[in-house]
Amino acid sequence: MADLLGSILSSMEKPPSLGDQESRRKAREQAARLKKLQEQEKQQKVEFRKRMEKEVSDFIQDSGQIKKKFQPMNKIERSILHDVVEVAGLTSFSFGEDDECRYVMIFKKEFAPSDEELDSYRRGEEWDPQKAEEKRKLKELAQRQEEEAAQQGPVVVSPASDYKDKYSHLIGKGAAKDAAHMLQANKTYGCVPVANKRDTRSIEEAMNEIRAKKRLRQSGEELPPTS
């Protein structure tokens, strides 16, 4: 029996020391503070949601407003606002690069933003409907002109005037025609017609005359004039 009682007593937990009691007290206090902070955060979320619901409701009832820009919010607040907007049947977008600077814009369904407007907000620019409409019209005009040019085919460029008419006071109206005749190729290329020869003597006559001139030079006699 003594051995059984001793084993039971040894298996039982020892009473906590003074240090263990202090650690447990601090743990209980920390858990209580954490619970209090969670309750406060929950209450803040509830109050923030009520405030956003009020602003969204006022926005819907204001017929003069088609969009509304909110101040920058943290991620949790933006999530709550997006949820409120979705429940209200509106459209919302977040813009801004840095998380701390991101903000939410809401739009009425019938005035949902176009892709060009969203791109403008993403670039950090203000949306100007008038400039956007002018840009759209210019783009459509350029597209129509390209389509018309494609249907007409390649453009043939012709000179505004004939160079012969432009310089007729210098070269004369018949000069170009005469020059064209002068530049015609000779069909008997390599053979010169007799009519074009300046010397009408035969080759034999020419050679005889050359020999006679040579003999006269050697003899020192003068060459008689040729007819």
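Checked for salt-bridge contact, Arg123 and Asp119 miss the test: no charged N lies under 4.0 Å from a carboxylate O. Comment: Arg25 engages Glu22 in a salt bridge, judged by a side-chain N to carboxylate O separation of less than 4.0 angstrom.
Crowding of Glu126 atom CD: a count of heavy atoms from other residues, nucleotides or ligands under 6.0 Å not exceeding 12. The number of heavy-atom neighbours closer than 6.0 Å to CD of Glu86, taken from other residues, nucleotides and ligands shown, is 12 or below. For Glu125, the CD atom counts as densely surrounded, since its 6.0 Å shell holds more than 12 non-hydrogen atoms of other residues, nucleotides or ligands. Around CD of Glu47, the count of heavy atoms belonging to other residues, nucleotides or ligands within 6.0 Å exceeds 12. The number of heavy atoms from other shown groups lying within 6.0 Å of CD (Gln71) does not exceed 12.
For Phe48, the side chain to side chain contact (heavy atoms under 4.5 Å, CB included) criterion is met by Arg51, Met52, Met73, Glu77, Ile80, not counting sequence neighbours.
Listed by first and then second residue, the salt bridge (charged side-chain N to carboxylate O under 4.0 Å, His left out) pairs involving residues 34-44 are Glu41-Lys45 (not counting sequence neighbours).
With a 4.5 Å cut-off between side-chain heavy atoms of Ile, Leu, Val, Met, Phe, Trp and Tyr, the cluster of Leu34 takes in none.
Relative orientation of the Tyr121 and Phe107 rings is tilted, given thresholds of 30° and 60° on the angle between their planes.
Closest approach of Lys108 and Asp62 over heavy atoms only: NZ-O, 2.6 Å. Shown here for Glu100 and Pro72, the closest heavy-atom pair between the two residues is O-CB, 3.6 Å.
Once rounded to the nearest 0.5 Å, the distance linking CG of Asp58 with CD of Glu53 reads 12.0 Å. Taking OG from Ser120 and CZ from Phe95, the interatomic distance works out to 9.5 Å, rounded to the nearest 0.5 Å.
Judged by the 6.0 Å distance and 45° axis criteria, Lys69 is positioned over the aromatic ring of Tyr103.
Inter-residue side-chain proximity for Val84 and Leu90 is flagged as unmet; no heavy-atom pair is nearer than 4.5 Å. With contacts defined as side-chain heavy-atom distances shorter than 4.5 Å, the pair Ser92/Arg78 does not qualify.
Under the side-chain contact (heavy atoms from CB on, under 4.5 Å) rule, Leu141 has a single partner from Arg144, Lys137, Gln143, which is Arg144.
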